[in-house]
Amino acid sequence: MQKISCLNPISKLGLELLEQDKYQVVEENDVDALLVRSFKMHDYEMPSTLKAIGRAGAGVNNIPLEKCAEKGIVVFNTPGANANGVKELVLASLLMSSRDLLGGVNWVKSIAEESDIPQKVEKNKKQFAGPEIMGKKIGVIGLGAIGAMVANAASALGMEVLGYDPFISVEGAWGLSTEVKRAVSLDEIYTQADYISIHVPAIDATKGMLNCEAFDKMKEGVRIINLSRGELVNDDDMEIAIKNGKVAQYVTDFPNEKVAAMDNVITIPHLGASTPESEDNCAIMAVLQIKDYLENGNITNSVNYPQCSLGICQAPARLAINHQNVTNMVGQITTLLANNNINIIDMVNKSKDKWAYTLIDLESDITDDTVKKLESIEGIVKVRVIK
Ligand SMILES: NC(=O)C1=CN([C@@H]2O[C@H](COP(=O)(O)OP(=O)(O)OC[C@H]3O[C@@H](n4cnc5c(N)ncnc54)[C@H](O)[C@@H]3O)[C@@H](O)[C@H]2O)C=CC1
Ligand SMILES: O=C(O)C(=O)COP(=O)(O)O
């Protein structure tokens, strides 16, 4: 029986995929796998039993990826599974940043007990007026699952779209509307866009990228949408840019004490992926990936180990070995197996940056002693016998 624990609420459509004769969903620490959403895991005590973490979502800045890789813990995410949920909230954000819907609605509520409301509405509505988005230019930074959907949707709404992503995948590029123009630098976006929507992960290279240097280059009255991560924006610089009129509106899905108190900021309580559809999609994808890893050793959509598969395990035994990506690992592993009279039926070895993964189907069972010898090879961090 494998044990799985959830560090955040996970949709039951996903959890139902865990067969009761194979899996137990528990609240203990010593589990085989964890399912998580935004729970911050940097100080989390990883149990020695832990083999995998499934992030039911896209962003993985809440998980210590390198620390996990060193312990042979494979971290998965669910690319694209919540992209439509976020795209729809970006569209709402674009409209809310233009037309003062929130101001107007709140004002009507504030006069709800008064008389002559229709007359007051007609007299006061002009203070909540704002421009249309059609014909305006939007810069989309990051054209992955969400950015590409935002770019296409903005184009369909009649906006001129400039997209910037120096690392765009081939599949991502194929999915973009031909109306989306390529920006070759961020400066192109900053100097031309009336609206900027940012869709990049929070990593060292992107943290604080929307700062005073960037704001200085932007058009007066630009509207900025950030449904990606709060860390991408330097809040002190944003405050100045709002005060001096450079930024007309800032919409963020990541409020903190500072931005929550700022004028001309629309703060959403991290609702981008909070739709039943996105929650179900993410949970199902995370659970299926975790199951395939626990049951067959296959890796799909890991962020710290390579993609790697030998299909469903039908051999008498399968070895799954997490190791450093250094020379002669495969040589040492296969020599050790040969010296112990174990024949290999099939194998695959893949690497991703500093880490590598080897799956080996064996013609016969393997003894605990041989597994111990494998574990003692320098650079190997985890050995699992799948069957
Ligand atoms: N508000 C919410 O609830 C949600 C927020 N997110 C956030 O949105 C981010 C993007 O999500 P997805 O589109 O699903 O991820 P993705 O991985 O499909 O796309 C990210 C894109 O950013 C690009 N990129 C990376 N560094 C870049 C740089 N320096 N400049 C320009 N482009 C760069 C990559 O090439 C990739 O195409 C996530 O990392 C997460 O932080 C994601 C889902 C829900
Ligand atoms: O998928 C992401 O990156 C998100 O930010 C969604 O987070 P959540 O699962 O709603 O806590």
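FYI, side chains are in, hydrogens and waters are out, and symmetry mates aren't considered; it's all heavy atoms of this structure. Positions are given from 1 along the sequence. Each ligand, and each atom within it, is numbered from 1 in the order the structure gives.
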Subject >> Side chain proximity check, Ile141 to Met209, heavy atoms < 4.5 angstrom >> reply: yes
Contact partition for [X] relative to ligand 1, non-hydrogen atoms under 4.0 Å:
{"X": "Ile146", "value": "both"}
{"X": "His270", "value": "side chain"}
{"X": "Arg229", "value": "side chain"}
{"X": "Ala58", "value": "side chain"}
{"X": "Leu143", "value": "backbone"}

What atoms of ligand 1 come closer than 4.0 angstrom to any heavy atom of [X]?
{"X": "Asn82", "answer": "43 (C), 44 (C)"}
{"X": "Ala273", "answer": "3 (O)"}
{"X": "Phe254", "answer": "1 (N)"}
{"X": "Thr206", "answer": "29 (N)"}
{"X": "Gly272", "answer": "1 (N), 2 (C), 3 (O)"}
{"X": "Asp253", "answer": "1 (N), 2 (C), 3 (O)"}

Nearest non-hydrogen protein atom, [atom]:
{"atom": "atom 25 (C) of ligand 1", "answer": "Pro201 CD, 3.7 Å"}
{"atom": "atom 5 (C) of ligand 1", "answer": "Leu227 O, 3.1 Å"}
{"atom": "atom 10 (O) of ligand 2", "answer": "Arg37 NH2, 2.7 Å"}
{"atom": "atom 5 (O) of ligand 2", "answer": "His270 NE2, 2.8 Å"}
{"atom": "atom 33 (C) of ligand 1", "answer": "Val200 CG1, 3.4 Å"}
{"atom": "atom 15 (O) of ligand 1", "answer": "Ala145 N, 4.5 Å"}
{"atom": "atom 10 (C) of ligand 1", "answer": "His199 O, 3.8 Å"}
{"atom": "atom 28 (C) of ligand 1", "answer": "Phe167 CE1, 3.8 Å"}
{"atom": "atom 2 (C) of ligand 2", "answer": "Arg55 NH2, 3.3 Å"}
{"atom": "atom 11 (O) of ligand 2", "answer": "Ser38 OG, 2.5 Å"}
{"atom": "atom 36 (C) of ligand 1", "answer": "Asp165 OD2, 3.4 Å"}
{"atom": "atom 44 (C) of ligand 1", "answer": "Val86 CG2, 3.3 Å"}

For [X] and [Y], indicate whether the former's side chain and the latter's backbone hold a donor-acceptor pair under 3.5 Å.
{"X": "His42", "Y": "Asn61", "value": "yes"}
{"X": "Thr78", "Y": "Gly57", "value": "yes"}
{"X": "Asp253", "Y": "Leu271", "value": "yes"}
{"X": "Asp237", "Y": "Asn211", "value": "no"}
{"X": "Thr206", "Y": "Pro201", "value": "yes"}

Original post:
Is Ala83 in contact with ligand 1, taking contact as a heavy-atom separation below 4.0 Å?
Top reply: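 Distance cut 4.0 Å: Ala83 fails for ligand 1.
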Original post:
Could any protein non-hydrogen atom be found less than 4.0 Å from atom 13 (O) of ligand 1?
Top reply: yes
Original post:
Are any non-hydrogen protein atoms located under 4.0 Å from atom 17 (O) of ligand 1?
Top reply: no
Original post:
Does one side chain, of Asn29 or Tyr44, offer a donor that lies under 3.5 Å from an acceptor on the other?
Top reply: yes
Original post:
Any side-chain donor-acceptor pair under 3.5 Å between Glu277 and Asn281?
Top reply: no
Original post:
Atom CZ of Arg99 and atom CD1 of Ile133: how far apart are they, to the nearest 0.5 Å?
Top reply: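 It is 9.5 Å, given to the nearest 0.5 Å.
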Original post:
Looking at CG of Leu362 and CG of Leu319, how far apart are the two atoms once the value is rounded to the nearest 0.5 Å?
Top reply: 4.5 Å
Identify the two heavy atoms, one from [X] and one from [Y], that lie closest to each other, and give their separation to 0.1 Å.
{"X": "Asn264", "Y": "Ala248", "value": "CB-O, 3.4 Å"}
{"X": "Val180", "Y": "Gly163", "value": "CG1-N, 4.2 Å"}
{"X": "Leu94", "Y": "Tyr195", "value": "CD2-CD2, 3.6 Å"}
{"X": "Asn304", "Y": "Trp355", "value": "O-CB, 3.9 Å"}

Subject >> Asp43, CG atom: more than 12 neighbouring heavy atoms under 6.0 Å >> reply: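 Open.
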**OP:** State the atoms of ligand 2, each with its element, that fall below the 4.0 Å cut-off from a heavy-atom position in Ala273.
**Re:** 6 (C), 10 (O)
Original post:
Which ligand 2 atoms does Gly57 reach within 4.0 Å, using its non-hydrogen atoms?
Top reply: 1 (O)
Original post:
Any N or O on Ser228 sitting closer than 3.5 Å to an N or O of ligand 1?
Top reply: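 Ser228 vs ligand 1: N/O contact under 3.5 Å present.
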**OP:** Classify the contact between Asn8 and ligand 2 as side chain, backbone, both or neither, using a heavy-atom distance cut-off of under 4.0 Å.
**Re:**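 Under 4.0 Å from ligand 2, Asn8 contributes no heavy atoms.
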Original post:
Which one holds for Glu279 and ligand 2: side chain close, backbone close, both close, or neither close, with close meaning a heavy atom under 4.0 Å?
Top reply: neither
**OP:** Identify, with sequence neighbours excluded, every residue that meets salt bridge (charged side-chain N to carboxylate O under 4.0 Å, His left out) alongside Asp30.
**Re:** Lys3
Would you say [X] and ligand 2 have an N/O pair spaced under 3.5 Å apart?
{"X": "Ala58", "answer": "yes"}
{"X": "Gly59", "answer": "yes"}
{"X": "Ser274", "answer": "no"}

Original post:
So, are Asp236 and Lys258 salt-bridged, with charged N and O less than 4.0 Å apart?
Top reply: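 Yes, Asp236 and Lys258 are salt-bridged.
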Original post:
Would you call Asp368-Lys372 a salt bridge at under 4.0 Å N-O?
Top reply: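 Result for this pair is no, no salt bridge flagged.
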Subject >> Aromatic ring pairing Tyr357/Tyr305, orientation class (parallel under 30°, perpendicular over 60°, tilted between) >> reply: perpendicular
